[in-house]
Student: 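Supplied in structure tokens, the structure appears directly below.
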Number of protein chains: 2
Amino acid sequence: MEMDKVFEALASGPRRQILAFLSKTELTTSDLALRFRMTAPSMSRHLSVLEHAGLVTSERRGSKVYYKLEGKSLVNTLTGFAFEICPVAGPLKRESRAMAKRQRATD
Amino acid sequence: MEMDKVFEALASGPRRQILAFLSKTELTTSDLALRFRMTAPSMSRHLSVLEHAGLVTSERRGSKVYYKLEGKSLVNTLTGFAFEICPVAGPLKRESRAMAKRQRATD
DNA sequence: TTGCTAATTAGCACATTAGCTAATACTATG
DNA sequence: CATAGTATTAGCTAATGTGCTAATTAGCAA
């Protein structure tokens with residue numbers, strides 16, 4: 001919803017990668033902290049930024065907090081902005097898929 | 001091409017708005033500085049960031065430098081990233097257009 | 001060359017961000 | 001209740017970003 005917060009959240013490489021992790025499965029703060037070799041407080045902060053931007057949601061289960069991707073929110077904001085700036089993008093869908101695939105391949 | 005630079009460039013509200021201005025026509029540094037009530041040096045810096053991210057190109061004509069949007073670069077990076085994180089976005093195109101329209105309407 | 005306009009670069013002040021450690025909640029379990 | 005485990009908040013430092021003014025570079029014209 002708030003474009004400012006979304007783009008601020010996405011400005012950080014680690015945060016974009018957190019989203020990539022969460023695109024596969026839910027994970028807890030400490031799960032992610034381990035994978036990023038980062039302290040739990042630092043990770044908690046990143047997750048807070050992502051949550052305030054509406055890009056992830058959290059759910060407490062017992063003593064752990066699980067974070068989950070809000071994929072629609074991400075896609076709608078990004079494509080909404082792209083079309084606002086460049087409304088000619090009709091034929092780009094197929095091309096973009098191919099590009100996404102190439103980028104995954106070079107990770 | 002370099003996702004880091006693109007997202008860093010888009011993290012600034014003024015820079016996103018500069019892209020919106022450039023989506024309609026080419027403009028010079030001082031044109032944009034006037035519209036944003038910003039000094040020319042500040043604007044020059046923003047344009048430099050956008051150019052290094054590949055989102056705009058510049059062309060000197062006489063003593064003025066004209067900046068132009070690289071729409072494809074923007075759209076490819078954003079949709080490429082969106083599909084990488086959330087590859088389910090097939091049916092979202094129409095929806096996104098509608099959203100872009102709504103956002104323009106509330107400017 | 002000189003003068004004028006446009007653009008950029010350099011240097012400074014201020015605010016913000018990202019990482020850490022230490023301290024503080026919250027939850028489950030002895 | 002006490003303790004351990006998980007998460008978050010507070011407080012700090014180092015680095016970065018954004019705005020400005022002053023100085024410098026590039027181009028055009030007298």
Side-chain angles (χ1 to χ4, degrees), chain A residues 2-22 25-70 74 77 81, chain B residues 2-22 25-70 74 77 81:
Chain A
E2 308 111 301
M3 192 139 69
D4 281 7
K5 286 185 184 170
V6 171
F7 278 106
E8 184 194 324
L10 295 178
S12 148
R15 279 196 292 266
R16 290 196 302 278
Q17 215 168 345
I18 290 168
L19 294 179
F21 272 85
L22 292 180
T25 176
E26 295 184 343
L27 290 167
T28 69
T29 308
S30 49
D31 286 339
L32 286 162
L34 275 177
R35 282 168 173 73
F36 283 79
R37 302 217 166 83
M38 191 183 286
T39 61
S42 299
M43 181 54 67
S44 180
R45 215 190 215 328
H46 282 303
L47 291 168
S48 166
V49 171
L50 289 170
E51 186 165 27
H52 281 96
L55 296 177
V56 304
T57 54
S58 65
E59 185 191 345
R60 178 149 225 150
R61 282 186 226 134
S63 65
K64 297 185 175 179
V65 175
Y66 288 82
Y67 284 88
K68 185 167 69 133
L69 180 71
E70 279 295 318
L74 175 76
T77 301
F81 174 71
Chain B
E2 307 112 302
M3 191 141 68
D4 281 8
K5 286 185 183 170
V6 171
F7 278 106
E8 186 193 324
L10 296 179
S12 149
R15 280 196 292 267
R16 289 196 302 277
Q17 215 168 345
I18 289 168
L19 294 178
F21 272 85
L22 293 179
T25 177
E26 295 184 344
L27 291 167
T28 69
T29 307
S30 49
D31 286 339
L32 286 163
L34 275 179
R35 283 167 173 73
F36 282 80
R37 303 216 163 84
M38 192 182 285
T39 61
S42 299
M43 181 55 67
S44 180
R45 201 174 241 336
H46 282 303
L47 290 168
S48 165
V49 171
L50 290 169
E51 184 164 29
H52 282 97
L55 296 177
V56 304
T57 54
S58 65
E59 185 190 345
R60 176 147 226 148
R61 281 184 228 134
S63 65
K64 297 184 176 181
V65 175
Y66 288 82
Y67 285 88
K68 184 167 69 126
L69 179 71
E70 280 294 317
L74 175 76
T77 302
F81 174 70

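Per chain, numbering begins at 1; letters A, B, ... match sequence-line order. We use all heavy atoms of the structure for the numbers below, so side chains are in, but hydrogens, waters and symmetry mates are not.
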Student: Output the rounded distance in Å from CE (B:Met38) to P (D:dT21).
Tutor: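 Rounding to the nearest Å, CE of B:Met38 and P of D:dT21 are 13 Å apart.
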
Student: Show me the protein contacts with nucleotides 13-17 of chain D, counting only N or O atoms at under 3.5 Å.
Tutor:
{"from": "D:dG17", "atom 1": "OP1", "to": "B:Glu8", "atom 2": "OE2", "distance (Å)": "3.2"}

Student: Which residues pass the side-chain hydrogen bond (donor to acceptor under 3.5 Å, both in side chains) test with A:Ser30, sequence neighbours left out?
Tutor: A:Thr28

Student: Do A:Phe36 and A:His46 have side chains that approach each other closer than 4.5 Å (heavy atoms only, starting at C-beta)?
Tutor: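 A side-chain contact under 4.5 Å is absent here.
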
Student: Go along nucleotides 6-11 of chain D 5' to 3' and tag each nucleotide: B for a protein heavy atom under 4.0 Å from its base, S when only backbone or sugar atoms are that close, - otherwise.
Tutor: SSBB--

Student: Rounded to whole angstroms, how far apart are NE2 on B:His46 and P on C:dT9?
Tutor: 15 Å

Student: Mind calculating the distance between CG (A:Leu10) and C1' (C:dT17) to the nearest angstrom?
Tutor: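 In whole Å, C:dT17 C1' lies 16 Å from A:Leu10 CG.
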
Student: Do the non-hydrogen side-chain atoms of B:Leu47 and B:Met43 ever get within less than 4.5 Å of each other?
Tutor: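 The answer is yes; the side chains approach within 4.5 Å.
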
Student: Round to the nearest Å and state the distance from B:Arg37 atom CZ to D:dG19 atom P.
Tutor: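 So the CZ-P distance, B:Arg37 to D:dG19, works out to 15 Å.
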
Student: Of A:Leu74, A:Leu19, A:Leu69, A:Leu22, which meets side-chain contact (heavy atoms from CB on, under 4.5 Å) against A:Leu50?
Tutor: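 The option that passes is A:Leu19.
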
Student: Between the side chain of A:Arg15 and the main-chain N/O of A:Leu10, is any donor-acceptor distance below 3.5 Å?
Tutor: no

Student: Starting at NZ of A:Lys5 and ending at P of C:dT16, how long is that distance when rounded to a whole Å?
Tutor: 15 Å

Student: Among residues at least two apart in sequence or on other chains, which ones pass ring pair (Phe, Tyr, Trp, His ring centres under 6.0 Å) with B:Tyr66?
Tutor: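 Ring pair (Phe, Tyr, Trp, His ring centres under 6.0 Å) check on B:Tyr66 returns nothing, list empty.
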
Student: Mind checking side-chain hydrogen bond (donor to acceptor under 3.5 Å, both in side chains) for B:Ser12 and listing every partner two or more places apart, or none if nothing turns up?
Tutor: none

Student: Would you please name every residue forming a salt bridge (charged side-chain N to carboxylate O under 4.0 Å, His left out) with B:Asp31, sequence neighbours left out?
Tutor: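 Partners of B:Asp31 by the salt bridge (charged side-chain N to carboxylate O under 4.0 Å, His left out) criterion come out as none, since no residue qualifies.
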
